[in-house]
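Read through the structure below, which is laid out as structure tokens, and then see the notes.
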Amino acid sequence: MKREGYLIDLLHSYDNEQSYVVLVVKEEGRKTFYRYPFDPYFYLETEDPEQVQKDLDSFSVLYKDQVVKVKRTEIVERLTPDKTWKKLLKIYCYHPNHVPMVHEALKPYGKSYEYKIPYLHRFLADTKLIPLNYIVFEEEDHEVKEILSQEDRMIPLNVMAFDIEVYNKTNPPDPRSNPIIMISLYSKNLGGKVITYRDSPGGVDGVITVRDEREMIERFCDIVNDEDVDLLIGYNSAMFDIPYLKERSKVLGTSLNLGLDYSGIEYRRHGMSATVRIPGRVHIDFYPVMRTLGGMGAVRIQRYTLEEAYRNIIGDLLGSKNIDKQEIWRYWDDDNLRDVLFRYSIGDSRAVYEISKVVLPVEIQLTKASGLPLSEVYHAPTSKMVESALMRVAVDKRYIIPNLPKESEVRLRMNNPIKGGFVKMPNPGVYEDIIVFDFRGMYPSIVVSHNVDWYSYDPDAPEEECYVSPNGYKFRKDSETLIPYVLKRLLSLRGGLKDKLKTLDKNSREYEHLFAKTQALKILINSFFGYLGYARSRWYCRECASSITAWGRYYITNTIQKAEQRGFQVLYADTDSLFILLKGHDKDDALQFLEEVNRQLPSDMELEFEGYYPRGVFVSKRTEVGKGAKKKYALIDDRGVIKIRGFELVRRDWSEIAKETQLKVLEAILKDGDPKKAVKIVKDVISSLKKGEVPLDKLIIYTELKRDPKNYAVISPEVAAAVKARDRGVKVGKGSIIGYVIGKTGKTVSEKAEYYLFAKDYDPDYYINNQVLPAVMKILRELGYSEEELKTNSRQTTLWE
DNA sequence: GCGAGCAGCGTACCT
DNA sequence: ACAGGTACGCTGCTCGCG
């Protein structure tokens with residue numbers, strides 16, 4: 001029978017010596033599972049494949065009392081990693097777990113390939129199915145016979161956000177003894193609800209009161225089933241809410257049947273992450289999503305709390321009051337406070353839901369662009385997405401996917417980094433009339449215009465058949481192999497979408513949809529260069545990565561030279577951008593120069609006009625006064641919008657008081673052109689710091705612990721604060737963002753550092769001399785002010801008052 | 001024993 | 001667990017001086 005629907009997710013099942021991929025398909029009105037028989041396999045490169053094939057007909061290995069047999073074999077031709085076509089033995093197994101066992105057992109016969117590709121990834125790459133696409137297929141008895149077609153349609157998803165509250169007087173909450181008191185949820189259909197087992201004294205809207213905790217969990221499962229939720233979303237839910245719910249269910253003698261038709265969920269924790277499988281639904285945790293977006297610089301966030309994430313993505317805070325997790329039990333016990341907690345809980349679910357409205361479209365498009373299931377994309381490193389996109393094409397072209405490097409090889413690669421981009425040192429000062437140009441997608445465009453690829457790299461090829469990089473590596477022109485092939489398609493897809501966007505109404509659903517697609521493509525496209533130089537990459541190519549940066553350095557330095565020959569002063573340049581001073585030239589002159597440059601560039605490369613800035617500041621390095629600091633500048637455009645890069649005020653590891661003062665100083669100089677105003681601002685801040693008037697929350701410095709506190713050679717302030725906090729029961733460790741305040745007690749800065757929750761006072765000298773003054777002096781020094789001047793004046797100011 | 005000077009550690013930024 | 005280039009605060013060592 002012909003069926004059709006959206007491919008929501010994929011699972012694995014095994015039955016009667018047959019391995020299946022289970023497709024979760026959202027059909028008209030309901031979701032259904034369909035089994036797709038698919039045998040896992042790997043390849044063996046061996047001297048005499050025919051002979052080994054015969055031997056394998058009766059092949060079996062013993063593994064932990066289990067006889068593992070080979071299901072079937074065939075001889076195929078593939079391009080192996082030594083870049084020659086060879087006959088290989090393709091060995092099919094009964095169960096995905098058998099693949100590594102058989103591979104291990106067959107080591108004496110030769111080298112094997114593709115034995116470590118996860119089963120579902122293997123299936124997706126081979127069938128070319130894209131998760132979330134609309135599929136049409138032939139089915140019999142819930143078994144897929146044939147996929148007829150697939151289409152990229154806008155997918156309707158029933159999204160439900162949820163959040164739990166726990167009653168605990170001591171930290172951290174323990175599921176064996178601390179009950180869950182509320183489960184809140186938010187969906188388009190239901191709005192905000194909170195399931196609980198105490199009444200709402202004021203009759204808060206959306207409160208559903210049941211008998212006890214057990215019934216609360218069961219009711220939650222009922223609602224998820226009744227609503228037939230497609231996406232169950234939370235914040236830190238993979239590491240907290242889901243395992244807590246699961247544990248409590250066990251303690252209470254019930255089960256957490258959130259899956260389709262009340263099927264149970266699967267939860268596995270592996271160190272810093274976890275897998276959550278809810279059959280028939282997709283679970284997404286937006287905490288790792290925010291971490292990834294933060295790591296890429298797509299969002300700038302101080303700490304990855306739900307509140308911060310919401311503020312960053314949506315803007316204003318939700319109405320509900322923020323409650324300290326350690327205080328929750330008081331709100332539960334107090335009839336006068338419980339309603340506040342209900343509203344807070346619903347507010348959190350709603351916040352997650354609102355975040356998802358913005359971020360989910362991009363995750364959906366990353367799924368489609370990479371081909372990884374949505375359930376993996378949300379916590380996948382970009383390398384996984386690139387690898388997935390490449391694997392599909394490699395299978396198509398019958399290229400063997402190179403094996404993962406051994407640890408020794410990884411170390412070798414890491415100890416031998418490649419040279420990166422070129423950065424020109426600026427002269428510090430305040431400038432007028434700056435034009436910024438940059439190369440549009442420099443590295444991707446270098447790859448496609450010079451055919452840079454693992455497969456096209458050929459040291460033995462004749463030069464005339466190759467693009468030769470500035471550092472002397474040769475890439476064949478004649479064949480469009482893997483990465484340039486994939487990139488070219490992604491780039492043209494993105495180009496087409498951007499053109500289409502220009503014709504659409506910015507508030508339309510279609511615009512939103514296509515915009516998310518361009519965002520996802522941008523993320524993926526920009527990841528290919530990194531992947532070529534990534535030590536654990538399957539297609540690692542040092543020659544490729546170093547050639548790309550060499551060409552990059554060539555084009556930017558060449559453009560700088562041309563600009564200077566044309567009489568422009570080049571103020572600054574970094575990798576793919578250059579800042580020129582107009583000084584005597586007019587804007588058209590600069591644009592004419594731009595055209596000249598573009599005429600000489602390869603067709604896939606383009607230098608773009610980024611912007612015109614009436615004024616800008618470059619500052620001195622702290623260590624070498626007079627020499628300009630790279631990667632630190634502020635520009636103001638003709639509409640008064642300030643663009644700030646690298647300054648303390650964009651860094652999380654500086655206190656708010658230093659950052660806000662630095663911003664005010666920059667504004668006084670760039671907007672008002674009034675250094676005196678800037679000086680007054682600084683004096684006022686110093687004065688209030690001295691008087692102890694500045695609230696502690698403006699003095700918090702945030703720093704991430706990249707490792708466990710035990711593993712530091714040097715005890716820096718954030719480590720000292722973290723250790724003190726840990727001694728007082730706060731859960732901090734690798735990955736925590738530590739907020740601390742420099743207090744009055746102690747000798748060194750580390751001794752004075754106190755975890756923000758325990759900070760009682762602050763050291764004004766530290767905040768004046770180590771925070772505010774260094775931040776603002778950077779800028780004021782360029783205008784001829786000295787530190788002493790500011791400090792002396794400020795002292796006088798206080799005397800006058 | 002003590003302060004100055006410095007190297008190295010470590011983080012967060014820029015492209 | 002995508003790349004390298006860069007600034008810079010802090011710790012903790014060395015060294016010279018007394």
Side-chain angles (χ1 to χ4, degrees), chain A residues 271-273 291-292 294-297 300-302 379-387 404-405 407 410 413-414 416-426 436 438-439 441-443 523-537 539-542 544-546 548-550 552-553 556 572-578 610 619-624 627-633 643-654 658 701-707 711-720 737-738 742 747-753 766 769-771 774-775 778:
Chain A
M272 297 283 287
S273 67
R291 290 295 294 227
T292 308
M296 288 188 320
R300 196 188 298 280
I301 214 167
Q302 302 275 309
H379 60 121
T382 48
S383 58
K384 278 266 178 301
M385 298 190 226
V386 170
E387 206 163 89
L404 288 168
E407 273 312 301
V410 170
R413 291 175 181 181
M414 289 203 289
N416 192 14
I418 61 155
K419 208 170 158 195
F422 167 80
V423 191
K424 181 181 159 69
M425 191 182 71
V436 179
D438 56 25
F439 283 90
M442 186 191 236
Y443 288 173
I523 291 172
L524 195 61
I525 287 165
N526 287 335
S527 306
F528 280 81
F529 160 70
Y531 186 76
L532 278 170
Y534 170 47
R536 290 171 199 280
S537 164
W539 280 279
Y540 177 82
C541 178
R542 196 177 190 280
C544 300
S546 68
I548 295 166
T549 58
R553 292 191 299 275
I556 196 69
Y572 178 61
D574 185 351
T575 312
D576 61 356
S577 67
L578 71 157
E610 194 273 336
V619 296
S620 270
K621 274 174 57 152
R622 193 193 63 88
T623 46
E624 291 160 284
K627 289 201 169 186
K630 297 166 175 180
K631 300 177 193 285
K632 252 176 216 216
Y633 59 85
K643 179 168 166 176
I644 296 157
R645 293 293 119 102
F647 277 117
E648 287 67 17
L649 80 97
V650 301
R651 296 177 64 99
R652 74 150 70 94
D653 57 357
W654 282 75
I701 296 162
Y702 294 104
T703 309
E704 182 179 349
L705 293 184
K706 301 263 187 195
R707 49 181 89 156
N711 301 333
Y712 282 92
V714 177
I715 305 304
S716 44
E718 65 275 14
V719 177
I737 291 178
I738 307 297
I742 302 305
K747 254 184 102 184
T748 65
V749 179
S750 282
E751 280 167 22
K752 292 183 195 179
Y766 177 83
N769 294 318
N770 297 35
Q771 292 277 323
K778 255 191 180 68

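Values below: every heavy atom of this structure, side chains too, minus hydrogens, waters and symmetry copies.
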A/Tyr633, nearest nucleotide to its side chain (from C/dT6, B/dT15, C/dA1): B/dT15
A/Trp654 side-chain proximity, nearest of B/dC13, C/dG9, B/dG10: C/dG9
Interatomic distance where CZ belongs to A/Arg707 and C1' belongs to B/dC9 [whole Å]: 8 Å
Among B/dA12, C/dA7, C/dA1, the nucleotide that comes nearest once only the side chain of A/Lys630 is considered: C/dA7
Touch class at under 4.0 angstrom, heavy-atom based, for A/Arg553 against every strand present: nothing
Residues that A/Tyr766 engages under side-chain contact (heavy atoms from CB on, under 4.5 Å), provided they are two or more places apart: A/Ile701, A/Ile742, A/Val749, A/Asp763, A/Asn770, A/Gln771
Minimum-distance nucleotide (side-chain atoms of A/Lys419 versus C/dG5, B/dA12, B/dG10): C/dG5
N or O in side chain of A/Tyr712 less than 4.0 angstrom from B/dT11 OP1/OP2: yes
Residues A/Lys631 and A/Asp574 bridged, charged N to O under 4.0 Å: yes
Proximal nucleotide (of C/dG5, C/dC2, B/dT15) relative to the A/Lys631 side chain: C/dG5
Touch class at under 4.0 angstrom, heavy-atom based, for A/Asn770 against every strand present: sugar-phosphate
Closest listed nucleotide, where the reference is the side chain of A/Lys778 and the choices are B/dC13, B/dT15, C/dC8: C/dC8
Sugar-phosphate only, base, or nothing, as touched by A/Ser383 at under 4.0 Å among non-hydrogen atoms: sugar-phosphate
Between C/dT6 (P) and A/Lys621 (NZ): distance, integer Å: 9 Å
Interatomic distance where CG belongs to A/Leu649 and P belongs to C/dC8 [whole Å]: 14 Å
Side-chain N or O of A/Tyr766 closer than 4.0 Å to phosphate OP1/OP2 of C/dC10: yes
Polar-atom pairs under 3.5 Å, protein N or O versus N or O of nucleotides 11-14 of chain C: list them with distances, or write none.
from: C/dT11; atom 1: OP1; to: A/Ser750; atom 2: N; distance (Å): 2.7
from: C/dT11; atom 1: OP1; to: A/Ser750; atom 2: OG; distance (Å): 2.5

Nearest-nucleotide pick for A/Ile418, side chain only, options being C/dC2, C/dG4, B/dC13: C/dG4
Residue whose nearest DNA chain C nucleotide is more 5′ - A/Thr382 or A/Arg622: A/Thr382
Interatomic distance, A/Asp653 CG vs B/dG10 P [rounded to whole Å]: 15 Å
Sugar-phosphate, base or nothing in reach of A/Lys706, heavy atoms under 4.0 Å: sugar-phosphate
Sugar-phosphate only, base, or nothing, as touched by A/Val719 at under 4.0 Å among non-hydrogen atoms: nothing
Heavy-atom side-chain contact between A/Leu705 and A/Glu718 under 4.5 Å: yes
Sugar-phosphate only, base, or nothing, as touched by A/Arg300 at under 4.0 Å among non-hydrogen atoms: sugar-phosphate
Criterion side-chain contact (heavy atoms from CB on, under 4.5 Å) on A/Phe422 and A/Thr549, from CA distance to verdict: CA-CA 9 Å; A/Phe422 167 80; A/Thr549 58; over 6 Å; no
d(CZ, A/Arg645; P, B/dC13) in whole Å: 12 Å
Close side-chain approach of A/Ile737 to A/Arg652, heavy-atom, < 4.5 Å: yes
Whole-Å gap separating P (B/dG10) and CZ (A/Arg651): 16 Å
Nearest heavy-atom neighbours spanning A/Ala545 and A/Phe529: O-CE1, 3.7 Å
Minimum-distance nucleotide (side-chain atoms of A/Phe529 versus C/dC8, C/dA3, C/dA1): C/dA3
For atom NZ of A/Lys747 and atom C1' of C/dC10, their distance in whole Å: 16 Å
Sugar-phosphate only, base, or nothing, as touched by A/Gly530 at under 4.0 Å among non-hydrogen atoms: base
More than 12 heavy atoms from other groups under 6.0 Å of NZ on A/Lys384: no
Side-chain heavy atoms of A/Leu524 within contact of A/Val386, under 4.5 Å: yes
Distance, rounded to the nearest Å, where A/Trp539 contributes CH2 and C/dA3 contributes P: 17 Å
Candidate pair A/Val650 and A/Arg300, rule side-chain contact (heavy atoms from CB on, under 4.5 Å), full reasoning: CA-CA 8 Å; A/Val650 301; A/Arg300 196 188 298 280; 4.0 Å; yes
